[in-house]
Asks: 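Let me begin by handing over the structure; questions about it come next.
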Amino acid sequence: MTRPDREPENRERENRERENRERESDDRYDAQRVEMKWSERWQKDSQLYAAERDSARKKYYVLEMLPYPSGALHMGHVRNYSIGDALARYMWMNGYNVLHPMGWDSFGLPAENAAIQNQTPPRQWTLGNIAKMKAQMKRLGFAYDWSREVTTCLPDYYRWNQWFFLKLFEKGLAYRKKSKVNWCPQCATVLANEQVLSNGCCWRHEDTLVEQRELEQWFLRITNYADELLRDLDTLGGWPEKVRTMQRNWIGRSEGTLIDFKLDYAENHKGFGPAGSSISVFTTRVDTIYGATSVQLAPEHPMVADLASANPDLRAKVDQLIAEQRKAKEAGDIGEIEKHGVFTGRYAINPFNHERIPVWVANYILMDYGTGAIMSVPAHDDRDYEFARKYNLEIRLVILPISNDPEETMTEPVLPFTAHDGMLINSGPYSGMDSADAIKTMSRFAEQNGFGKATVTFRLKDWGISRQRYWGTPIPMLYCEKDGIVPVPETDLPVILPENIEITLAGGSPLGHVPEFVNTTCPKCGGRARRETDTMDTFVDSSWYFYRYTDAHNDRAPFDSKVVQYWFPIDQYIGGVEHAILHLIYSRFWTKFMRDVGLVSNDEPVERLFTQGMVIKDGAKMSKSLGNVVSPDEMVARYGADAARLYSLFAAPPDRDLDWQDSGIEGIQRFLGKVHRFFKNNPISDITERQRPLPAQLNPSARSLQRKLHQTIKRVTDDFQGRWHFNTCISAIMELLNEANRRMLGSEDTSNPNTGERVKGDEIPPGLLAEVEHTLVLLLAPFAPYLAHELWEMIGETGNLLKAPWPHYDAALAKEEELEIPVQINGKLRGRILVPADASETFVLETALADEKVKSAIAGKTIVKTICVPGKLLNIVVK
RNA sequence: GCGAAAGUGGCGGAAUUGGCAGACGCACCAGACUUAGGAUCUGGCGGGUAAAACCGUGGGGGUUCGAGUCCCCCCUUUCGCACCA
């Protein structure tokens with residue numbers, strides 16, 4: 001099979017024979033056959049992708065968000081995992097000890113729905129789906145360390161959810177309270193605020209309105225960490241700014257002052273709460289309090305209910321306001337609600353100036369922010385201004401703009417004047433102070449006199465984790481008639497989720513209908529006790545699963561802290577931006593809690609976060625109703641796993657949306673076939689020939705190929721390490737192949753390329769050809785692992801490609817010897833000249849001036865100036 | 001309304017720091033090979049022209065020898081947030 005130094009007749013005969021062989025068996029690359037072959041080999045080696053324990057090498061933890069086992073992967077998954085897999089393979093080739101695990105976020109409502117629909121128990125349905133999707137992942141060739149697989153619905157995982165819950169309870173971070181909760185009638189369960197869409201609908205049922213109900217619920221005190229969660233966002237330099245901003249908004253920190261307005265009892269009204277009670281308001285602008293001309297309550301403020309109970313007329317009006325507010329919330333345009341209000345007939349006392357001001361109820365005041373009550377300062381707040389104009393409330397100016405020009409200081413501003421850098425007037429002893437000083441001074445005064453204090457309010461609410469559903473982690477709590485709320489002792493964990501139970505979507509928690517589960521004994525008194533029948537929100541499962549990967553089979557603890565310390569933080573986390581808030585804020589909270597109880601030493605779980613774009617088709621998100629769903633199985637069957645993966649990386653940069661086009665993946669399939677054909681047509685087998693030839697030994701054609709080779713290594717490496725633009729990595733590899741094909745087919749022989757007379761190939765020494773092919777395989781390995789492995793074998797390599805070192809480029813070999821320099825006259829392209837790469841400026845200019853096109857372009861004009869950018873261009877300015 | 005990202009051929013997209021706009025791929029056109037071509041190979045492919053000139057990166061201005069890239073104004077799209085007191 002060695003090529004050179006054959007007698008011509010021999011070579012011709014050989015070529016003819018090869019031609020015939022090719023024609024008989026289809027010439028095309030049989031991706032299915034090759035991929036199945038490697039897939040089988042890879043299955044046999046369970047240690048292939050295993051992360052090393054006690055490794056001396058530098059670690060790299062690359063993680064893709066774990067999927068919900070719905071039953072089938074979609075293209076978004078394929079894209080997500082193709083990015084992660086390329087990175088994992090690249091890091092292996094760069095010598096890192098890589099942790100690349102996968103698991104299943106396998107609790108949740110769809111399993112219950114499926115149970116009802118198909119009469120299949122949730123566990124069976126879920127595990128069946130996992131098996132299917134795992135097979136898909138293996139077929140796609142993703143390099144996961146399956147020995148660390150985490151399945152959140154199995155007791156060996158969820159027992160640690162329960163264990164964490166006990167720890168949280170012990171630290172006072174888990175508590176029970178009755179509260180208004182979001183209730184989705186479709187899910188028949190409570191939703192976290194995060195799970196209610198902005199249009200007031202359920203995140204799972206986008207056309208089902210969420211209702212409000214009063215229920216006893218378990219909450220986690222995430223608000224204890226609100227400040228730190230906000231502050232540490234600044235340390236997450238490897239996160240997209242967009243995600244950090246979203247989290248900042250979500251946490252919604254706001255500094256201000258709480259002020260109590262005492263109710264005026266001079267008139268001794270009944271039904272206005274106990275005597276002496278007051279309305280607490282939150283304001284960021286206590287400096288404007290002398291301009292407060294009313295107090296406004298949210299329609300659902302408890303005090304309003306008291307008031308209205310004695311006043312049917314008011315009751316009716318308040319109900320109207322509640323209805324308006326709810327409607328606006330449901331429609332998702334609470335911001336555009338038409339402001340309405342009603343005077344309660346009562347008054348409150350401004351503690352600063354002891355003025356008596358009316359108490360109103362207004363539909364734009366939200367019960368779930370601040371205290372559900374505000375002081376209304378029409379002169380200095382847009383909303384208050386609008387409201388006051390509408391209802392003819394007094395508008396009193398108390399802040400003036402400060403101007404650098406003393407003449408202007410006292411001009412009256414256009415109302416409402418809301419700037420923060422004003423000066424107080426009409427404000428008693430505070431008149432003349434600037435706003436910032438006044439806020440401090442007045443807050444202190446309020447605190448000293450016991451009617452208020454400086455405070456910080458967050459939009460972030462405590463995390464309600466109770467779900468009235470079956471398919472989740474049982475909350476390990478008991479209710480004893482004598483001892484009240486009693487935690488399940490740690491030694492009794494796990495509280496096993498019973499099987500074979502009837503599931504309905506009505507009638508509260510399904511576990512409540514299982515007496516064997518519910519009825520138990522109190523560990524304190526031995527008396528009768530009931531188990532908690534609610535299960536945990538599935539976001540609990542995903543808040544710490546990535547720690548479990550590091551030590552997945554530990555049955556004494558959720559993980560070994562030492563092992564975690566080696567692997568954490570996660571070096572690169574990859575997933576959809578739709579998890580920017582919920583999952584990522586909960587996991588950050590969980591990490592901080594674990595740190596505080598001494599389990600981990602890192603403050604944050606994720607060093608670098610990457611949010612990929614969506615996969616769309618025909619300009620729209622894939623959905624069954626639009627009928628534009630592309631199935632990974634079908635793509636793999638038609639084009640192969642490599643093609644599906646490569647296309648999902650090639651079609652767009654990974655952070656942008658990807659518009660799926662079937663003709664595009666066909667192009668990728670052709671490319672893979674072309675690569676394979678190149679190796680088949682240009683075999684290298686004699687190991688001794690594999691020596692990098694010196695540039696001086698090469699003819700221009702070979703030297704040019706060698707240069708392209710090293711330029712390509714540089715481009716692929718740079719784009720991988722820097723911008724993560726896999727599309728340009730792949731196009732660089734395509735260019736290299738095109739160049740190699742051109743050189744091997746021979747430029748003088750293009751008229752008859754298919755006769756087998758690839759004589760020009762002789763210009764390329766075997767050593768260079770070997771280097772080209774060797775490098776091509778390495779460059780391709782992270783993106784198209786199947787083909788890469790096949791080619792690796794074809795060129796006679798026996799080592800493990802997965803750990804083969806990533807190629808290095810030689811800057812000297814990559815360097816151009818001659819450059820084509822564009823010549824501009826007055827900024828317009830007028831010619832090109834060929835100069836040595838190290839040509840001096842003078843030489844470039846002289847060469848340019850000798851060029852015919854340039855000559856004619858500047859004929860009769862005077863050269864005013866020349867700009868020469870070395871290696872880039874020459875611009876001659878003439879007049 | 002606020003914030004962020006984006007707008008480049010028929011399409012997906014290149015152009016990383018202000019330096020040849022359109023790499024790579026798709027689609028299309030022509031040719032070669034062929035019993036055949038949904039295989040493969042070669043060539044062409046922003047508009048315009050006989051060829052040039054010239055015109056071209058959402059629109060308008062500006063800075064510069066030189067602008068897709070920087071500055072100002074405007075338009076459109078996508079995403080996020082939104083009476084947050």
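In what follows, chains are A, B, ... by sequence order, proteins preceding strands, each numbered from 1.
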Asks: Is the phosphate of B/A23, meaning OP1 or OP2, less than 4.0 Å from a side-chain N or O of A/Arg715?
Replies: no

Asks: Pick base, sugar-phosphate or nothing for A/Gly252, based on heavy-atom distances below 4.0 Å to the nucleic acid.
Replies: nothing

Asks: Are more than 12 heavy atoms, taken from residues, nucleotides or ligands other than A/Gln32, located less than 6.0 Å from that residue's CD atom?
Replies: yes

Asks: Whole angstrom is fine here: how far is it from CG in A/Asn249 over to P in B/G3?
Replies: 12 Å

Asks: Please measure how far the P atom in B/A52 lies from the corresponding atom in B/G46, and state the result in whole Å.
Replies: 13 Å

Asks: Please classify B/G9 as syn or anti, treating any glycosidic angle within 90° of 0 as syn.
Replies: syn

Asks: Quick one: which of B/G80, B/G25, B/A85 gets closest to the side chain of A/Ile374?
Replies: B/A85

Asks: Of the options B/G19, B/C55, B/C84, whose atoms approach the side-chain atoms of A/Leu366 most closely?
Replies: B/C84

Asks: When the C1' atoms of B/A27 and B/U17 are considered, how many whole Å apart are they?
Replies: 35 Å

Asks: Both distances under 3.5 Å, Watson-Crick or G-U wobble: report the partner of B/C54, or none.
Replies: B/G47

Asks: How long is the line joining CG of A/Asn363 and P of B/C84, in whole Å?
Replies: 14 Å

Asks: Hey, does the side chain of A/Lys242 come within less than 4.0 Å of B/A6's phosphate (OP1/OP2), counting only N and O?
Replies: no

Asks: Which of these nucleotides, B/C84, B/A14, B/C81, is closest to any side-chain atom of A/His725?
Replies: B/A14

Asks: Rounded to whole angstroms, how far apart are CG on A/Asp659 and C1' on B/G7?
Replies: 15 Å

Asks: Across all strands, who's sitting opposite B/U69 as a Watson-Crick or G-U wobble pair, both distances under 3.5 Å?
Replies: none

Asks: Write down the distance separating the C1' atoms in B/A21 and B/A15, rounded off to the nearest Å.
Replies: 7 Å

Asks: B/G25 and B/C75: how far apart are their P atoms, nearest whole angstrom?
Replies: 40 Å

Asks: For A/Arg638 and B/G38, what is the distance between atoms CZ and P respectively, to the nearest whole Å?
Replies: 16 Å

Asks: Is A/Val877 touching bases, backbone alone, or none of the nucleic acid, heavy atoms closer than 4.0 Å?
Replies: sugar-phosphate

Asks: In whole Å, measure the gap between the C1' atoms of B/G68 and B/U8 for me.
Replies: 7 Å

Asks: Quick check: on RNA chain B, is the nucleotide nearest A/Ser731 upstream (toward 5') of the one nearest A/Ala373, or the reverse? Name the residue that is more 5'.
Replies: A/Ser731

Asks: Strictly under 6.0 Å, is that where the ring centroids of A/Phe352 and A/Phe451 end up?
Replies: yes

Asks: What is the distance, to the nearest angstrom, from the CD1 atom on A/Ile876 to the C1' atom on B/C65?
Replies: 11 Å

Asks: Ignoring hydrogens and angles, are the base of B/C65 and the side chain of A/Asn875 linked by a donor-acceptor pair under 3.5 Å?
Replies: yes

Asks: Salt-bridged, A/Glu386 to A/Lys390, with N to O below 4.0 Å?
Replies: no

Asks: Between the side chains of A/Thr257 and A/Ser443, does any donor sit under 3.5 Å from an acceptor?
Replies: yes

Asks: Go through the steps for A/Asp851 and A/Lys853 under the test salt bridge (Lys or Arg N to Asp or Glu O under 4.0 Å), then give the verdict.
Replies: CA-CA 6 Å; A/Asp851 183 82; A/Lys853 281 185 187 162; over 6 Å; no

Asks: Nearest to the A/Ser254 side chain among B/C41, B/G12, B/A85, which nucleotide is it?
Replies: B/A85

Asks: Nearest whole angstrom, please: distance from the P of B/U40 to the CZ of A/Phe671.
Replies: 14 Å

Asks: Side chains of A/Asn363 and A/Gln325: do they bring a donor and an acceptor to under 3.5 Å?
Replies: no

Asks: When the P atoms of B/G37 and B/C29 are considered, how many whole Å apart are they?
Replies: 15 Å

Asks: Answer with base, sugar-phosphate or nothing: what part of the nucleic acid does A/Arg244 contact at a heavy-atom distance below 4.0 Å?
Replies: nothing

Asks: By the 4.0 Å heavy-atom rule, please label A/Glu735 as base, sugar-phosphate, or nothing.
Replies: sugar-phosphate

Asks: Compare the minimum distances between each of B/G13, B/G12, B/C81 and the side chain of A/Gln661, then state the nucleotide with the smallest one.
Replies: B/G12

Asks: Tell me what A/Asp384 touches on the nucleic acid: a base, only sugar-phosphate, or nothing, going by heavy atoms under 4.0 Å.
Replies: nothing

Asks: Hunt down the Watson-Crick or G-U wobble partner of B/A4, both distances under 3.5 Å, from any strand shown, or write none.
Replies: B/U78

Asks: As a test of reading the structure: which of B/G25, B/A15, B/A27 is closest to the side chain of A/Asn738, going by heavy atoms?
Replies: B/G25

Asks: Which residues pass the side-chain contact (heavy atoms from CB on, under 4.5 Å) test with A/Asp381, not counting sequence neighbours?
Replies: A/Arg383, A/Asp384

Asks: Taking the side chain of A/Arg656 as heavy atoms from C-beta outward, which of B/C41, B/G13, B/C24 is closest to it?
Replies: B/G13

Asks: For A/Ile365, answer base if it contacts any base atom (sugar-phosphate contacts may also be present), sugar-phosphate if it contacts only those atoms, and nothing otherwise; contact means non-hydrogen atoms under 4.0 Å.
Replies: base

Asks: Taking the nucleotide of RNA chain B with the closest heavy atom to each, which residue, A/Ile668 or A/Leu873, is nearer the 5' end?
Replies: A/Leu873

Asks: Mind calculating the distance between NZ (A/Lys680) and P (B/U40) to the nearest angstrom?
Replies: 13 Å

Asks: In whole Å, what separates the C1' atom of B/A6 from that of B/U69?
Replies: 15 Å

Asks: With a 4.0 Å cut-off on N to O distance, would you call A/Arg248 and A/Glu241 a salt bridge?
Replies: yes

Asks: If the P atom of B/G18 is compared with that of B/C70, how far apart are they to the nearest Å?
Replies: 8 Å

Asks: Under 4.0 Å between any heavy atoms, over every strand shown, what does A/Thr283 touch: base, sugar-phosphate, or nothing? Just pick one.
Replies: sugar-phosphate

Asks: I need the NZ-C1' distance between A/Lys865 and B/C65, as an integer number of Å.
Replies: 5 Å

Asks: Return the pairing partner of B/A27 with a 3.5 Å limit on both distances, Watson-Crick or G-U wobble; otherwise return none.
Replies: none

Asks: Looking at every strand, decide which applies to A/Asp657 at a 4.0 Å heavy-atom threshold: base, sugar-phosphate, or nothing.
Replies: sugar-phosphate

